[in-house]
Novice: 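Dropping the structure in here first, questions after.
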Amino acid sequence: MKDLSSFGEPRIKVVALPKDTNSAGNIFGGWIMSQIDLAGANAARELAPERVVTISMEQIIFKQPVFIGDVISCYAKILSVGTTSIKIQIEVTALRLNAEGFRECLHVTSAIATFVSVTKDGAKKPIDPEIKRLHGF
């Protein structure tokens, strides 16, 4: 697995529970997608503190299954910032016990999501140039 520092900042850590499973007994992909959305929005709000909405998920790649009891961590890295939009790379890992009884960390999912800065009424709101500058954009 890649060095976790390349994944961006940790945004969410949660335990996968039985209520989050699909009919095959694995964790439902939709639940993982909602964690990805939350992690990405958390990162986007650093640049657009009032409110952000998800406008697209370019790609979500499920690399490994997630099981009940796995500790899921979502990392997010801001890739680019436009006038109102923020593109974010989200990486998901699962911490679980392996067959030998040791904890291992697996890279289970990747996604790229785009968020838009909006007002409380849902109108697009330009991202403050000073905030962009402070974040290196």
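Below, all heavy atoms of this structure are taken into account, side chains as well, without hydrogens, waters or symmetry copies. The first residue of the sequence shown is numbered 1, and numbering continues consecutively from there.
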Novice: Please evaluate residues Glu46 and Arg11 with respect to the criterion salt bridge (charged side-chain N to carboxylate O under 4.0 Å, His left out), reporting the C-alpha separation (whole Å), side-chain torsions for both, the decisive distance (0.1 Å), and the verdict.
Specialist: CA-CA 12 Å; Glu46 289 183 2; Arg11 300 295 178 164; 2.9 Å; yes

Novice: Answer yes or no: is there a side-chain heavy-atom contact under 4.5 Å between Met57 and Met33?
Specialist: no

Novice: Has Lys120 got more than 12 heavy atoms of other residues, nucleotides or ligands less than 6.0 Å from its NZ?
Specialist: no

Novice: When hydrophobic residues are tied together by side-chain contacts of less than 4.5 Å, even through go-betweens, does Leu95 share a cluster with Val92?
Specialist: no

Novice: Side-chain contact test, heavy atoms from C-beta onward, threshold under 4.5 Å: evaluate it for Trp31 versus Ile36 and give yes or no.
Specialist: no

Novice: Inspect the contact between Lys87 and Glu58 and indicate whether a charged nitrogen and a carboxylate oxygen are less than 4.0 angstrom apart.
Specialist: yes

Novice: Begin with the C-alpha distance, continue with both residues' side-chain angles, and end with the deciding distance and a verdict on side chain to side chain contact (heavy atoms under 4.5 Å, CB included) for Lys125 and Val118.
Specialist: CA-CA 5 Å; Lys125 178 181 180 182; Val118 296; 5.6 Å; no

Novice: For Phe28, is the CZ atom crowded, meaning more than 12 foreign heavy atoms sit under 6.0 Å from it?
Specialist: no

Novice: Would you say Leu106 ends up clustered with Ile68 if hydrophobic residues are merged whenever their side chains have heavy atoms under 4.5 Å apart, either directly or through other cluster members?
Specialist: yes

Novice: Side chains of Ser110 and Lys63: do they bring a donor and an acceptor to under 3.5 Å?
Specialist: yes

Novice: Can you name the nearest heavy-atom pair linking Ile78 to Leu47, along with the distance?
Specialist: CD1-CD1, 3.3 Å

Novice: Any chance you could lay out the side chain to side chain contact (heavy atoms under 4.5 Å, CB included) test for Thr21 and Asn26, step after step, and finish with the verdict?
Specialist: CA-CA 5 Å; Thr21 58; Asn26 296 331; over 6 Å; no

Novice: Tell me if a side-chain donor or acceptor on Asn22 pairs with a main-chain N or O of Ala24 at a distance below 3.5 Å.
Specialist: yes

Novice: Tell me whether Asn98 contacts the main-chain N or O of Glu100 through its side chain, where contact means a donor paired with an acceptor under 3.5 Å.
Specialist: yes

Novice: Just checking, is any N or O donor in the side chain of Glu91 or His107 under 3.5 Å from an acceptor N or O on the other one?
Specialist: yes

Novice: If every non-hydrogen atom of Ala16 is compared with every non-hydrogen atom of Val66, which pair is closest and at what distance?
Specialist: CB-CG1, 4.2 Å

Novice: Between CD1 of Ile86 and NZ of Lys132, what distance do you get to the nearest 0.5 Å?
Specialist: 9.5 Å

Novice: Should the pair Lys77-Glu9 be classified as a salt bridge under the 4.0 Å nitrogen-to-oxygen rule?
Specialist: no

Novice: Of all heavy-atom pairs between Tyr75 and Phe7, which one has the smallest distance, and what is that distance?
Specialist: CB-O, 3.3 Å

Novice: Determine, using the 4.5 Å side-chain heavy-atom cutoff (strictly less than), whether Ile55 and Val52 are members of one ILVMFWY cluster.
Specialist: no

Novice: Below 4.5 Å, heavy atoms only, C-beta onward: do Ile72 and Lys13 meet side chain to side chain?
Specialist: no

Novice: Checking Phe115 against Asp37 for the side chain to side chain contact (heavy atoms under 4.5 Å, CB included) test, could you report, in this order, the C-alpha distance in whole Å, the side-chain angles of both residues, the deciding distance, and whether it holds?
Specialist: CA-CA 9 Å; Phe115 298 83; Asp37 193 41; 3.5 Å; yes

Novice: Within the distance-only criterion (no hydrogens, no angle test), does the side chain of Thr119 pair as donor or acceptor with the backbone N or O of Asp121 below 3.5 angstrom?
Specialist: yes

Novice: Please report the shortest heavy-atom distance between Ala44 and Ile88, naming the atom on each side.
Specialist: N-CD1, 3.6 Å

